[in-house]
K.L.:
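Quick one: the structure is below, questions incoming.
Owing to the predicted nature of the structure, the values given are computational and were not obtained by experimental measurement. This chain uses plain numbering: 1 for the first residue, then up along the sequence.
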Amino acid sequence: RSAMDHQPKFFENLSGTGKAIGVLTSGGEGGGGMNAAVRAVVRMGIYVKAKVYFVFEGYQGMVDGGDNIVEVSWESVSSILQVGGTVIGSARCKSFRTREGRLQAAYNLVQRGITNLCVIGGDGSLTGANLFREEWSGLLEELAQKGKIDEEAVKKYAYLNIVGMVGSIDNDFCGTDMTIGTDSALHRIIEVVDAIMTTAQSHQRTFVLEVMGRHCGYLALVSALACGADWVFIPEYPPEEGWEDSMCVKLSENRARKKRLNIIIVAEGAIDCHNKPITSEKVKDLVVQRLGFDTRVTILGHVQRGGTPSAFDRILASRMGVEAVLALLEATPATPACVVSLSGNQAVRLPLMECVQMTQEVQKAMDEGRFVEAVRLRGRSFENNLNTYKLLSHKKPDAELPKTNFNVAVLNVGAPAAGMNAAVRAAVRVGITEGHKMFAVIDGFEGFARGKIKEISWGDVGGWTGQGGSILGTKRTLPAKYLEKIADQMRTNNINALMVIGGFEAYLGLLELSAAREKYDEFCVPMVMVPATVSNNVPGSDFSIGADTALNTITDTMGGYCGYLANMGALAAGADAAYIFEEQFDIRELQANVEHLTEKMKTSIQRGLVLRNENCNENYTTDFIYQLYSEEGKGVFDCRKNVLGHMQQGGAPSPFDRNFGTKISAKAMQWISKKLKETYRKGKVFANTDDSVCLLGMRRRNLVFQPVAELKNETDFVHRIPKEQWWLKLRPLMKILAKYKTSYDVSDSGQLEHVAMHRPKEAETGAI
């Protein structure tokens with residue numbers, strides 16, 4: 001919906017006065033980000049004037065009562081954002097499974113007037129919460145009969161509202177794109193794989209890596225995609241009969257191609273097509289016996305749950321926590337218990353039991369050997385991951401590949417962004433699979449003009465997914481001053497389509513090339529752009545490759561005029577203020593921020609964090625702000641400054657960027673193939689319509705191809721940013737969580753949807 005066609009609905013009208021919210025974490029599955037969710041629930045709850053209670057040790061604490069259920073203040077959740085696990089504890093609880101246990105729990109809640117519960121856990125914990133809600137009025141009747149509570153209380157606390165958030169590193173809950181903790185677990189796995197890759201390069205080795213996922217292969221599948229593993233075993237998609245032979249053939253072919261390292265990833269619940277387990281030891285023994293390769297097994301185990309939560313998980317959990325409080329405030333006795341979740345880039349609410357039922361359907365399908373169905377039920381994101389993995393990991397013999405006689409060139413334009421190499425690899429391999437000859441252009445448009453262009457093969461891009469920067473080399477130079485030379489090169493190399501991976505310059509470059517079509521026929525070919533820039537400032541896309549990696553390296557941020565990094569970094573780090581170009585500020589606001597921080601330092605919270613975007617204001621520089629805070633904070637706090645600069649472009653790409661890059665680029669390549677077929681007439685390709693020069697972007701829930709000509713109206717060319725930016729709506733969240741009074745537009749917050757509907761045509765990324 002554009003800003004025009006809906007009247008903002010602000011949550012000031014939603015008051016929590018007189019309401020009490022209990023928050024608990026439950027089950028053994030939780031990973032990084034649970035504390036961010038707890039913090040957001042507490043602060044949003046207090047912000048809307050509700051009372052908020054911690055329930056320590058999950059359901060066990062609810063049954064035991066006493067000191068396990070305590071009212072909390074704003075300060076109670078300070079400094080927990082960056083801590084893994086859960087600060088309020090989580091225990092498996094046998095007594096809650098009995099009616100006596102639930103009766104006691106209901107009594108403990110009624111004593112404190114709590115009739116709203118926010119449960120963060122896996123499907124078991126959420127199912128338990130739903131049962132509790134269904135029994136609630138019966139439990140109160142029974143307590144009244146036993147004389148433990150009076151009739152007044154039965155009337156006053158007649159209904160229990162429940163909102164769930166899924167905390168599970170397996171990402172095994174249907175209906176949610178990403179569960180809290182999954183992205184952090186992927187970070188741990190990829191760190192291990194990257195470390196292994198550096199040591200194993202020196203010896204020829206095979207590594208068998210076992211990752212978590214007893215019933216769900218998500219972690220195994222996505223980490224296999226993110227590191228270009230040779231083989232992956234997951235419960236939903238068992239290998240065909242005779243897999244032992246195919247795997248060994250593949251491994252020895254890779255060795256023959258001079259690949260020094262083989263990586264095989266095994267989900268702990270992997271099975272063969274007869275439902276027999278495939279263990280990492282079994283895989284290792286097979287490789288040693290058949291091929292004699294030096295083979296090591298690494299079992300990651302609980303490492304995957306630990307460590308600092310990733311930026312993605314902190315933002316996801318903070319958004320979900322706020323959404324959960326809104327859902328509780330809006331709940332009526334008639335609304336079913338719901339889970340809050342992210343679909344693409346949008347918060348949604350789904351009926352809890354529909355999700356649970358669908359999750360159980362997957363298991364049933366697997367038990368009955370209906371594996372195709374199991375993959376479909378896991379949802380589009382999972383299915384796409386699997387298809388992309390199959391497409392990119394196994395090269396068909398040349399004889400089996402189609403021959404199209406089309407030549408497609410790939411280039412990087414703009415500043416380097418982590419994940420660019422994964423995108424190039426996917427483009428090259430998909431292009432080859434579709435039968436095209438693939439060409440790599442070195443050093444962007446400048447290199448193109450100088451004839452730095454060469455054919456690139458399947459093997460050339462092996463091992464590229466985990467590499468930072470841009471292997472092809474990239475320059476910010478625009479094509480306008482080289483049009484003639486670039487047209488010559490297109491003619492000489494007979495280039496029939498272009499794929500440009502880059503930032504704002506790539507977008508400007510495509511606009512220039514399409515404008516030059518009148519003069520040069522060579523540019524009348526399909527062209528597509530895939531957005532890759534740490535600043536995330538490309539019109540037509542909510543996300544760009546590289547922005548997630550940059551968020552993970554942030555405290556003080558780059559990003560030209562685009563405040564995305566400063567704003568989201570502030571949300572992920574729990575900052576007190578973030579100064580961005582999009583929201584003008586003056587000396588009065590700076591003064592208010594300093595006073596706010598000084599007041600805060602007088603409480604038990606002894607730290608603060610302020611972020612500034614590099615171009616937010618030419619006079620209020622980082623030094624100015626640093627000096628202001630230093631002077632005003634004398635005797636109360638010390639001040640340090642840190643400018644991150646180019647650090648944010650470097651480093652290994654995050655799992656999100658590797659996968660987003662891989663999938664969006666594969667999709668762009670398939671679009672090129674389709675356009676080539678459509679525009680091939682009388683022995684040549686001729687494309688001169690607007691819809692043959694497109695940008696592939698993530699829009700809310702969908703990946704969409706948009707003609708660059710149509711995006712002109714959405715662009716502020718002076719400041720190189722889109723005119724409307726979705727993340728500005730999240731800005732009030734940061735302020736609320738830092739205790740400022742502000743108004744938050746909730747007209748976009750989730751309406752309850754049904755799970756089946758919850759599969760938009762192309763929904764991708766929120767979940768990579």
K.L.:
Checking Asn35 side chain against Val87 main chain: does a donor-acceptor pair fall under 3.5 Å?
P.N.:
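The answer is yes, because a donor-acceptor pair under 3.5 Å joins these two groups.
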
K.L.:
Once you round to the nearest 0.5 Å, how far does CD of Glu330 lie from SG of Cys338?
P.N.:
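With rounding to 0.5 Å, CD (Glu330) is 9.5 Å from SG (Cys338).
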
K.L.:
Do the side chain of Asn536 and the main chain of Asp542 share a donor and acceptor less than 3.5 angstrom apart?
P.N.:
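Yes, Asn536 side chain to Asp542 backbone: donor-acceptor pair under 3.5 Å.
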
K.L.:
Check whether any side-chain heavy atom of Thr308 lies under 4.5 Å from a side-chain heavy atom of Arg314, and answer yes or no.
P.N.:
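In short, these two side chains touch, coming nearer than 4.5 Å.
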
K.L.:
State whether the side chain of Thr179 and the backbone N or O of Ser168 hold a donor-acceptor pair below 3.5 Å, judged by distance alone.
P.N.:
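Indeed, once roles are kept as given, a pair shorter than 3.5 Å links the two residues.
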
K.L.:
So do Lys148 and Gln111 actually touch side chain to side chain, heavy atoms under 4.5 Å?
P.N.:
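No. Closest side-chain heavy atoms not under 4.5 Å.
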
K.L.:
Less than 3.5 Å apart, any donor N or O on the side chain of Ser654 or Asp548 sitting next to an acceptor on the other?
P.N.:
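Result is yes, a qualifying pair exists.
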
K.L.:
Using a 3.5 Å distance criterion without hydrogens, assess whether the side chain of Tyr59 forms a donor-acceptor pair with backbone atoms of Ser125.
P.N.:
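Yes; at least one donor-acceptor contact below 3.5 Å.
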
K.L.:
Report yes if some heavy atom in the side chain of Ile69 is under 4.5 Å from a heavy atom in the side chain of Ile114; otherwise report no.
P.N.:
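The answer is yes, as the side chains (C-beta and beyond) meet within the 4.5 Å cut-off.
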
K.L.:
Return the CE to CG distance between Met34 and Asp313, rounded to the nearest 0.5 Å.
P.N.:
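Going from CE on Met34 over to CG on Asp313, the span is 11.0 Å.
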
K.L.:
Could you walk me through whether Asn130 and Ile162 pass the side chain to side chain contact (heavy atoms under 4.5 Å, CB included) test, one step at a time?
P.N.:
CA-CA 7 Å; Asn130 192 59; Ile162 295 231; over 6 Å; no

K.L.:
For Met62, does its backbone N or O pair with a side-chain atom of Asn108 as donor and acceptor, under 3.5 Å?
P.N.:
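Yes: the side chain of Asn108 pairs with the backbone of Met62.
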
K.L.:
Please report the C-alpha distance between Arg112 and Glu71 in whole Å, then the side-chain angles of each, then the deciding distance to 0.1 Å, and finally whether the salt bridge (charged side-chain N to carboxylate O under 4.0 Å, His left out) criterion is met.
P.N.:
CA-CA 9 Å; Arg112 297 164 177 81; Glu71 190 179 344; over 6 Å; no

K.L.:
To the nearest 0.5 angstrom, please state how far the OG1 atom of Thr25 sits from the CZ atom of Phe54.
P.N.:
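Taking OG1 in Thr25 and CZ in Phe54, the distance rounds to 9.5 Å.
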
K.L.:
To the nearest 0.5 Å, how far apart are OG1 in Thr86 and CZ in Phe56?
P.N.:
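Answer for the OG1-CZ pair, Thr86 versus Phe56, is 9.0 Å.
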
K.L.:
Return yes if some donor-acceptor pair links the side-chain N/O of Arg378 with the main-chain N/O of Cys174 below 3.5 Å, else return no.
P.N.:
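Here the side-chain-to-backbone pair does not exist.
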
K.L.:
Which residues pass the side chain to side chain donor-acceptor pair (under 3.5 Å) test with Ser73, sequence neighbours left out?
P.N.:
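Ser73: side chain to side chain donor-acceptor pair (under 3.5 Å) contacts with Ser76.
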
K.L.:
Tell me every residue that passes side chain to side chain donor-acceptor pair (under 3.5 Å) with Arg99, counting only those two or more places apart in sequence or in another chain.
P.N.:
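Result, side chain to side chain donor-acceptor pair (under 3.5 Å) vs Arg99: Glu142.
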
K.L.:
Hey, what do you get for CH2 (Trp136) to CG (Leu131), rounding to the nearest 0.5 Å?
P.N.:
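The distance works out to 13.0 Å.
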
K.L.:
Which one of Ile120, Val339, Val340, Ile21 satisfies the side chain to side chain contact (heavy atoms under 4.5 Å, CB included) criterion with Val163?
P.N.:
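The residue from Ile120, Val339, Val340, Ile21 that satisfies side chain to side chain contact (heavy atoms under 4.5 Å, CB included) with Val163 turns out to be Val340.
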
K.L.:
With sequence neighbours excluded, what pairs up with Tyr157 under the ring-ring contact (aromatic ring centres under 6.0 Å, His included) test?
P.N.:
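Tyr157 satisfies ring-ring contact (aromatic ring centres under 6.0 Å, His included) with no residue once adjacent residues are dropped.
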
K.L.:
OG1/Thr335 to OH/Tyr159 distance, rounded to the nearest 0.5 angstrom?
P.N.:
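Result: 11.5 Å between the selected atoms.
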
K.L.:
Does the plane of the ring in Phe656 sit parallel, tilted or perpendicular to the ring in Phe660? Use 30° and 60° as the thresholds.
P.N.:
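The arrangement is tilted - the two ring planes meet at 30° to 60°.
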
K.L.:
Heavy-atom distance under 4.5 Å between the side chains of Leu219 and Thr182, does that happen here?
P.N.:
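Side chain of Leu219 against side chain of Thr182, heavy atoms only: contact under 4.5 Å found.
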
K.L.:
Under 3.5 Å, is there a donor-acceptor pair between the side chain of Ser541 and the main chain of Met698?
P.N.:
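Side chain of Ser541 to backbone of Met698, a donor-acceptor pair under 3.5 Å: yes, one is there.
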
K.L.:
Determine yes or no for a side-chain-to-main-chain donor-acceptor pair under 3.5 angstrom, with Ser341 supplying the side chain and Val348 the backbone.
P.N.:
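A pair under 3.5 Å: no.
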
K.L.:
Does the pair Leu326 and Glu323 meet the rule for a side chain to side chain contact (heavy atoms under 4.5 Å, CB included), with working shown?
P.N.:
CA-CA 5 Å; Leu326 295 177; Glu323 184 69 25; 4.2 Å; yes

K.L.:
Is a donor on one side and an acceptor on the other found under 3.5 Å between the side chain of Arg43 and the backbone of Trp74?
P.N.:
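Side chain of Arg43 to backbone of Trp74, a donor-acceptor pair under 3.5 Å: yes, one is there.
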
K.L.:
Measure from the side-chain N and O atoms of Arg102 to the backbone N and O of Phe132, and report whether any donor-acceptor pair falls under 3.5 Å.
P.N.:
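No, because the side chain of Arg102 does not come within donor-acceptor range (under 3.5 Å) of the backbone of Phe132.
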
